[in-house]
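Contents: one structure, followed by commentary.
Computed from heavy atoms alone, side chains included, the values below leave out hydrogens, waters and symmetry copies.
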Amino acid sequence: MLGDGTCFFGDLLDFADLPVNARAARQERRRSWTQRALAATSGCDLIFADPDNGIRPALHPVPGHRTKAVKHAYLGELADFARRGQSLIAYHHADRSAAVEQQARRRLADFAHDVPVTPIAAVRASRGTTRLFLVGAATPAQARYLTERITSLDRSPWAGELTAHWPD
């Protein structure tokens, strides 16, 4: 389904072998993992980040070295991809904190604040649990392309399954 030029980085971030109080070792592991992901995807125009639970703002109260933090991508980490001109799609699991449309706009605002991309839209997938795919473009050409692709969802067979929430 994906073309020959598709790059993958499938290494899992795991702290299971490190004690909870090994903060520096856990921070270094996360940094090293991020650097390997950056190296593996250096030639890609579009990065799809698929953390188990979704994104967290750079200043989230749960730091990235905590055990359950491996289930999230921190926006400061995603910013490294965008700074080199790569657009992003990031998975985010919706929760019960607010209506999904409000959550989509909040996460897009987080994207705009912490990552040097133009937030394009949050695409909601509603079958089963509600998921958001946050889309941000690093260049004007990528913004036009991604906007066209998301807009075309309304005319696709996926129209009943995927809904775009546009930023304010």
Side-chain angles (χ1 to χ4, degrees), residues 1-2 6-16 26 30 33-34 37-38 41 44-83 86-138 142-168:
M1 183 173 194
L2 300 174
T6 304
C7 301
F8 293 93
F9 179 74
D11 295 2
L12 296 178
L13 176 59
D14 188 8
F15 298 145
R26 286 168 170 241
R30 189 166 190 120
W33 179 86
T34 302
L38 284 160
T41 59
C44 302
D45 292 328
L46 178 65
I47 302 299
F48 176 63
D50 186 19
D52 287 348
N53 291 351
I55 63 166
R56 283 191 167 159
L59 297 176
H60 193 275
V62 177
H65 68 276
R66 293 283 177 84
T67 300
K68 291 188 179 182
V70 299
K71 293 182 173 278
H72 295 87
Y74 286 75
L75 291 175
E77 296 161 340
L78 296 179
D80 292 340
F81 295 93
R83 276 193 280 278
Q86 294 171 303
S87 294
L88 297 164
I89 299 174
Y91 170 87
H92 185 78
H93 191 84
D95 57 28
R96 295 182 180 154
S97 64
V100 173
E101 188 170 344
Q102 186 177 8
Q103 289 182 62
R105 286 197 169 82
R106 285 180 186 163
R107 298 300 74 83
L108 287 171
D110 290 342
F111 231 40
H113 185 266
D114 290 343
V115 181
V117 294
T118 300
I120 303 298
V123 178
R124 175 186 180 171
S126 299
R127 184 172 286 199
T129 59
T130 300
R131 284 120 23 244
L132 298 171
F133 296 92
L134 305 162
V135 182
Q142 291 169 349
R144 284 188 299 277
Y145 175 77
L146 291 168
T147 299
E148 283 176 21
R149 300 302 300 156
I150 294 169
T151 302
S152 72
L153 286 174
D154 288 339
R155 299 180 308 278
S156 79
W158 292 99
E161 302 293 329
L162 302 172
T163 307
H165 296 283
W166 304 93
D168 292 332

Practice prompt. Look at atom CZ of Arg83 and say whether more than 12 heavy atoms of other residues, nucleotides or ligands are closer to it than 6.0 Å.
Written response: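 It does: Arg83 CZ has more than 12 such atoms within range.
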
Worksheet item: Taking everything shown except Tyr145 itself, do over 12 heavy atoms lie less than 6.0 Å from its OH?
Response: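 It does not: Tyr145 OH has 12 such atoms or fewer within range.
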
Hey, what do you get for [atom1] ([X]) to [atom2] ([Y]), rounding to the nearest 0.5 Å?
X      : Y      : atom1 : atom2 : answer
Asp80  : Leu75  : CG    : CG    : 11.5 Å
Gln103 : His92  : CD    : NE2   : 6.0 Å
His165 : Leu108 : NE2   : CG    : 9.5 Å
Thr34  : Leu13  : OG1   : CG    : 7.5 Å
Phe81  : Phe48  : CZ    : CZ    : 13.0 Å
Thr163 : Leu153 : OG1   : CG    : 9.0 Å

Any donor-acceptor N/O pair, [X] side chain to [Y] backbone, under 3.5 Å:
X      : Y      : answer
Glu161 : Trp158 : no
Ser87  : Leu46  : no
Glu77  : Arg30  : no
Ser152 : Arg149 : yes

Which heavy atom of [X] sits nearest to which heavy atom of [Y], and what is that distance?
X      : Y      : answer
Ile150 : Trp166 : CG2-CH2, 3.5 Å
Tyr74  : Ala69  : OH-CB, 3.5 Å
Ala73  : Pro51  : N-CB, 3.6 Å
Ala122 : Leu134 : CB-CD2, 3.6 Å
Ala37  : Thr41  : O-OG1, 2.8 Å

Item to complete: Taking only Lys NZ, Arg NE, NH1 and NH2, and the carboxylate oxygens of Asp or Glu, determine whether Glu101 and Arg105 approach each other closer than 4.0 Å.
Response: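 So Glu101 pairs with Arg105 through a salt bridge.
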
Worksheet item: Do the side chains of His72 and His60 get nearer than 4.5 Å, heavy atoms only?
Response: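 Sidechains of His72 and His60: no contact.
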
Worksheet entry | Residue pair His93 / Asp95, side-chain heavy-atom distance below 4.5 Å |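 No - every pair of side-chain heavy atoms lies 4.5 Å or more apart.
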
Discussion item. Tell me every residue that passes side-chain contact (heavy atoms from CB on, under 4.5 Å) with Asp154, counting only those two or more places apart in sequence or in another chain.
Written reply: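 Expected list: none.
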
Show the atom names and distances, to 0.1 Å, of all donor-acceptor pairs under 3.5 Å that link a side chain in residues 110-121 to residues at least two apart or in another chain.
| from | atom 1 | to | atom 2 | distance (Å) |
| --- | --- | --- | --- | --- |
| Asp110 | OD2 | Arg107 | NE | 2.9 |
| Asp110 | OD2 | Arg107 | NH2 | 3.0 |
| Asp114 | OD2 | Ala58 | N | 3.0 |

Worksheet item: How would you list all residue pairs meeting salt bridge (Lys or Arg N to Asp or Glu O under 4.0 Å) that involve residues 51-76, not counting sequence neighbours?
Response: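 Sorted result for residues 51-76: Asp52-Lys71.
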
